[in-house]
Amino acid sequence: MIPITTIERLANHVGETVTLRGWVHNKSSKGKLHFVQLRDGSGYVQCVVFKGDVSEELFEAIGHAGQESSLVLTGLVKAEPRAPGGFEIGVKAGDVLQKVEGFPITPKEHGPDFLLSHRHLWLRSKRPWAVMRIRDCVISAIRRFYDEQGFVCVDSPIFTPAACEGTSTLFEVNYFDDEKAYLTQSGQLYAEATAMALGKVYCFGPTFRAEKSKTRRHLTEFWMLEPEIAYATLDDVMQNAEELLCYVVKSVLERRQTELEVLERDLTKLHSITAPFPRLSYDDAHALLEKAAPGQHKYGDDFGAPDETILSNAYDRPVMVHRYPKEVKAFYMKRDAADPTKALCVDVLAPEGIGEIIGGSQREDDLELLLGRIKEHQLPEEAFAWYLDLRRYGSVPHGGFGLGLERTVAWICGLEHVREASPFPRMMYRIYP
RNA sequence: UCCCCGAUAGCUCAAUGGUAGAGCAUGCGGCUGUUAACCGCAGGGUUGUAGGUUCGAGCCCUACUCGGGGAGCCA
């Protein structure tokens, strides 16, 4: 009985005859010899078909099988230095399930519009393959990290009755009677409720922003991880974020080396991601900017994209900027007792121009102060009644953060644009496929 | 919402206002070590849409549509 295996596991089968099931990634023929670059989802391997080794029919069929033809091949696994990847299959038998002609995505250059319109097929290319496998590794590392620390995954709802922060543009859903509903823009408020119930929690799910943003850092729909920790201070939140990022990067380096090579990622940049990350107060960050680009940043304003670029380029690892002026931050953030003009918040800026990958804070835990802010921001008080209950019954210091999955993956993979970090990216002018 | 850029063969692009081209892909043929193979032959076009200027528009002008990059805002 010939074992069926995957390309990923070929190293365990050298010298054996195995069966692989996959697709033609590329092919070049040299008379009585076909080189088939086979892909099966787990990897890529070269299969060599000599005319004398297989039936006349199979040799002909493989000769006419274009890119993405589906086929099953059986052959001897050899270590072969001349082959890409180091292994090669000496094909003895097989079957072409479907012969394909004219697969649109050829091994040549393509523009972003064409590729995005063919995303369902583009995913079969090597780059997306590597990115999706790293994305998966990031997700599982995140879950493992929190699982090991005793966090409970409790997901927040996607439909919400009101805006979380009251500022962003939301997607309206017309379904619920007599009441407007929206797609969530953050699961945080609900995570605060579950943190009061279960202690240490996180939610991890899709998030929607209807902002008319058109940059390489923006998606209309993206995945966000939001841990929330009861009895945590801002320092605890920063430490947790730092540990998480180190754990995730280490995990990718250990488990996805081949994929990082496919992406030609500079590994030294990932190896330097170790604790401690630089911690910079807003005031220090402003001073740094004044020195680097005098007059560019106005004290009191939030940092713009050019400011963030300067700040992140100053370090070889993510930089944590904390204690922003309260005016530029959300209503639910607690004030710094040492300086009431500042909020106890932190933004983590990834290196290499990806920008903010984490935004977090210690939350306001005082009922009266929180109520005052809701009024100040002219938010609908009724919609926040349940949220205020959390400060009415056993309020404690607590905090958490939100991590943008696609931005994190884009940073780790060294991608130009976050859209490549999403299997089917949704953007302002793109909903297909 | 604002600023900048683009749209020509399936793809990536070229074409001084004067016969619309190349490479790749596709099909057929050749080749026993290819790595985006190579060689030969073949098919492939309402130049995004609508209007205008001109003897003549892929090229100049106007509007629109679609897309890309960036700003603001954010993860």
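In what follows, chains are A, B, ... by sequence order, proteins preceding strands, each numbered from 1.
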J.: With rounding to the nearest 0.5 angstrom, report the CG to CD distance, A:Asp347 to A:Glu356.
T.: 3.5 Å

J.: Among the candidates B:C74, B:A25, B:C11, find the nucleotide nearest to the side-chain atoms of A:Phe114.
T.: B:C11

J.: If you take the centroid of each ring, where Trp contributes its six-membered ring, are A:His297 and A:Phe303 closer together than 6.0 Å?
T.: yes

J.: I'd like to know if the side chain of A:His110 pairs up with that of A:Thr106 as donor and acceptor (distance under 3.5 Å, no hydrogens or angles considered).
T.: yes

J.: For residues A:Tyr282 and A:Tyr299, establish whether the separation of their ring centroids is below 6.0 Å.
T.: yes

J.: Looking at A:Arg217, A:His417, A:Arg419, A:Arg135, which hits side chain to side chain donor-acceptor pair (under 3.5 Å) with A:Glu406?
T.: A:Arg135

J.: Do A:Phe103 and A:Trp23 have ring centroids that are under 6.0 Å from one another?
T.: no

J.: Take atom C1' in B:C24 and the same atom in B:C38, then report the distance between them in whole Å.
T.: 14 Å

J.: Please name the residue in the list A:Lys27, A:Lys126, A:Gln46, A:Gln67 that meets the side chain to side chain donor-acceptor pair (under 3.5 Å) test with A:Gln37.
T.: A:Gln46

J.: Does the side-chain ring of A:Tyr429 sit on the six-membered ring of the B:G67 base, less than 5.5 Å centre to centre and under 30° in tilt?
T.: no

J.: Verify side chain to side chain contact (heavy atoms under 4.5 Å, CB included) between A:His218 and A:Glu211, making sure each step is shown before the conclusion.
T.: CA-CA 9 Å; A:His218 285 90; A:Glu211 302 282 354; 5.9 Å; no

J.: State whether the number of non-hydrogen atoms from other residues, nucleotides or ligands found under 6.0 Å of A:Gln257 atom CD is greater than 12.
T.: no

J.: Take atom P in B:U8 and the same atom in B:C4, then report the distance between them in whole Å.
T.: 22 Å

J.: Once you round it to whole Å, what is the distance between P of B:G68 and CG of A:Leu115?
T.: 12 Å

J.: Generate the contact string for nucleotides 32-38 of chain B. Rules: B means base contact, S means sugar-phosphate contact only, - means no protein heavy atom under 4.0 Å.
T.: BBBBBB-

J.: Expressed as a whole number of angstroms, how long is the span from A:Asp113:CG to B:C66:C1'?
T.: 8 Å

J.: For residues 117-144 of chain A, which residues have at least one heavy atom under 4.0 Å from RNA chain B?
T.: none

J.: What integer number of Å spans the C1' atoms of B:A14 and B:C73?
T.: 41 Å

J.: Can you tell me how far P in B:G17 sits from the matching atom in B:A57, rounded to whole Å?
T.: 14 Å

J.: Any N/O pairs under 3.5 Å between the protein and nucleotides 69-72 of chain B? List them or say none.
T.:
unit_1, atom_1, unit_2, atom_2, d
B:G69, OP1, A:His417, NE2, 3.3
B:G69, OP1, A:Arg419, NH1, 2.9
B:G69, OP1, A:Arg419, NH2, 3.0
B:G70, OP1, A:Arg216, NE, 3.0
B:G70, OP2, A:Arg216, N, 2.7
B:G70, N7, A:Lys214, O, 2.8
B:A71, OP2, A:Arg217, NH2, 2.9
B:A71, N6, A:Lys212, O, 3.2
B:G72, O6, A:Ser213, OG, 3.1
B:G72, N1, A:Lys212, O, 3.3
B:G72, N1, A:Ser213, OG, 3.4
B:G72, N2, A:Lys212, O, 3.4

J.: Would you kindly say whether A:Arg209 and A:Thr207 are connected by a side-chain donor-acceptor distance under 3.5 Å?
T.: no

J.: Would you please name every residue forming a ring pair (Phe, Tyr, Trp, His ring centres under 6.0 Å) with A:His118, sequence neighbours left out?
T.: A:Phe114

J.: Remember a base hit wins even if backbone is also touched, and classify A:Gly111 as base, sugar-phosphate or nothing at under 4.0 Å, heavy atoms.
T.: sugar-phosphate

J.: Please work out if A:Glu221 contacts a base, only the sugar-phosphate, or nothing of the nucleic acid, heavy-atom cut-off 4.0 Å.
T.: nothing

J.: Roughly, in whole Å, what's the span from NE2 in A:His64 to P in B:G27?
T.: 8 Å

J.: My understanding is that only residues two or more places apart in sequence, or in another chain, count here; which of them pass ring pair (Phe, Tyr, Trp, His ring centres under 6.0 Å) with A:Phe145?
T.: A:Tyr247

J.: Hey, which of A:Arg124, A:His25, A:Gln98 is the one that makes side chain to side chain donor-acceptor pair (under 3.5 Å) with A:Glu68?
T.: A:Arg124

J.: May I ask you to check whether A:Phe331 and A:Phe384 place their ring centers less than 6.0 Å from one another?
T.: yes

J.: Determine the Euclidean distance between corresponding C1' atoms of B:C31 and B:G44; express it in Å to zero decimal places.
T.: 27 Å

J.: In whole Å, measure the gap between the C1' atoms of B:A7 and B:U12 for me.
T.: 14 Å

J.: Determine the stems involving RNA chain B; a stem requires 3 or more consecutive pairs of the Watson-Crick or G-U wobble kind, each with both distances below 3.5 Å, and the answer is none if no such run exists.
T.: B:1-7 with B:65-71, B:10-13 with B:21-24, B:26-30 with B:38-42, B:48-52 with B:60-64

J.: Figure out the CG/P separation between A:Leu225 and B:A75, and round it to whole Å.
T.: 13 Å

J.: NA contact type, A:Leu405, heavy-atom cut-off 4.0 Å: base, sugar-phosphate, or nothing?
T.: nothing

J.: Whole-Å distance between B:C74 C1' and A:Asp301 CG?
T.: 16 Å

J.: Please give, in whole Å, the distance from B:A75 P to A:Leu245 CG?
T.: 15 Å

J.: Measure the distance from NE2 on A:His34 to C1' on B:G30 and round it to the nearest whole Å.
T.: 13 Å

J.: Over all heavy atoms of both residues, which pair between A:Val321 and A:Ala285 is shortest? Give the atoms and the distance, please.
T.: CG1-CB, 4.1 Å

J.: Rounded to whole angstrom, note down the P distance from B:A25 over to B:C5.
T.: 35 Å

J.: Please work out if A:Leu403 contacts a base, only the sugar-phosphate, or nothing of the nucleic acid, heavy-atom cut-off 4.0 Å.
T.: nothing

J.: Expressed in whole Å, how much space separates the P atoms belonging to B:G48 and B:C13?
T.: 14 Å

J.: Does B:A25 have OP1 or OP2 sitting under 4.0 Å from an N or O in the side chain of A:His110?
T.: no

J.: Looking at A:Arg430, I'd like to know whether one of its side-chain N or O atoms comes within less than 4.0 Å of OP1 or OP2 on B:G68.
T.: yes

J.: I need the CZ-P distance between A:Phe222 and B:C74, as an integer number of Å.
T.: 12 Å

J.: Nearest 0.5 Å please: distance from the OH atom of A:Tyr429 over to the CD1 atom of A:Ile431.
T.: 14.0 Å

